[in-house]
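See below for the structure under consideration.
The structure displayed is predicted, hence computed values, not measured ones. When a ligand or atom number is given, it counts from 1 through the structure's own listing order.
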Amino acid sequence: MSEIMDFLNLKKISEKYRSELKEAAAQVIDSGYYIRGPKTEEFESNLCRYLGCKNTIGAGNGLDALKLIFRAYIELGVMSVGDEVILPANTFIASLTAVIENGLKPVIADIDAKTLNIDIDQIEPLITTKTKAIMPVHLYGRCCWSEELKRLAQQYNLKIVEDNAQAMGAKSSVKGLNDSYMCGALGDAAGTSFYPVKNLGALGDGGAVTTNNDKLAEVVRALGNYGSEEKYIHKYAGINSRLDEIQAAMLCVKLKYLNQENARRQEIAELYDKHINSEQIIKPLYAENGECVWHQYVIRTENRDKLMQKLGEKGIPTMIHYPTPIHKHQAYKELNALSLPVAEKCATEILSLPISPAISNQDAIFVAETVNESY
Ligand SMILES: *Cc1c(COP(=O)(O)O)cnc(C)c1O
């Protein structure tokens, strides 16, 4: 190794696009438009084209994007306070926060150990007369979608709200509710995040709602701007959650290179898949045709803490996404009694290896060999 490997070196990633990013920032500075201006419009229309969906609405961050979707459904009378939303136990806490902050009731489903995403076969028994939505999270960049999910939504009249914070660019092998196969355009609406570490990352906070539903889009756009469609006329009790022009300009640049960056992640995943051969390790399911954009490369092993320590001693940074299933946090005591055995067991076994587009092939092979030698 020529230098110490980082888990994710954002500076190195920005460096690749340095001159274009600086030029884009300069354009915004000179334009005089700083919030919801022409760059935001341009980015919104570029993302619509990329995903094959009709509407993109920039938001302040990913959590707000998800919150605004549920908030809009409540305004539209599709959902009411106290209704239930089914979501997976293994996700970042924001998926849960978005539901709870709207006064909706989270119903947590166990995960499938093979994909580490929600176990779609375990959703149906959780559906009650109060259930209004399912929130598949395309965790680690892996598309979570199937014919069965579509059947459930149709049969029980449920909305599918995707948490697409980790999977921008991932493609489903099964068509979405509309014409697109892209994560973020599969369900009724999706929330995404442009937090810098995401596959499509800004240089600050940002998020977006993507949807084919024009009415929903209109309400989301108003809600994120103090509930206003027309200046000083407040139709809804809204919040302030808008994408700013500088971030939109950064994202216009970064979106052009997203497929390239994701392809690099795919190459590293392939190297890991080929070179990690210890029987003590369960590798992530191989993904065909861009079904996974490898936001994280998550292995499982019974000796996770020991492996993490050994890799650390060799200079290999690793992380755990996530050490605690969402129903076991102190902040959400009302959920703590739930028992979801697969998610709880996996949380003790999972380990994320470095998969940044900034690491080299040699680094990846070194990681794989060190993993093998650690047993
Ligand atoms: C990052 C993330 C979010 C929240 O995004 P922010 O921009 O940090 O608010 C939501 N869900 C998942 C799965 C995420 O990874």
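Every pair passing side-chain hydrogen bond (donor to acceptor under 3.5 Å, both in side chains) that includes a residue from residues 184-208 is listed here, sequence neighbours excluded: N199-N262, N199-H295.
With hydrogens and angles left out, the side-chain atoms of S172 and E291 include no donor and acceptor closer than 3.5 Å. Side-chain contact check for E124 and Y156: at least one donor-acceptor pair (N or O, by modelled atom type) lies under 3.5 Å.
Here N336 pairs with nothing under the side chain to side chain donor-acceptor pair (under 3.5 Å) rule; sequence neighbours left out. When the ring-ring contact (aromatic ring centres under 6.0 Å, His included) test is applied to Y322, the partners found at least two apart in sequence or on another chain are F92.
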Expected rows: ligand 1 N/O, protein N/O, dist below 3.5 Å:
unit_1: ligand 1; atom_1: 5 (O); unit_2: S193; atom_2: OG; d: 3.2
unit_1: ligand 1; atom_1: 7 (O); unit_2: G62; atom_2: N; d: 2.8
unit_1: ligand 1; atom_1: 7 (O); unit_2: S193; atom_2: OG; d: 2.6
unit_1: ligand 1; atom_1: 9 (O); unit_2: G62; atom_2: N; d: 3.3
unit_1: ligand 1; atom_1: 9 (O); unit_2: L63; atom_2: N; d: 2.8
unit_1: ligand 1; atom_1: 11 (N); unit_2: D163; atom_2: OD1; d: 3.3
unit_1: ligand 1; atom_1: 11 (N); unit_2: D163; atom_2: OD2; d: 2.7
unit_1: ligand 1; atom_1: 15 (O); unit_2: Q166; atom_2: NE2; d: 2.8
unit_1: ligand 1; atom_1: 15 (O); unit_2: K198; atom_2: NZ; d: 2.7

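A ring-centre distance under 6.0 Å is found for F43 and F194.
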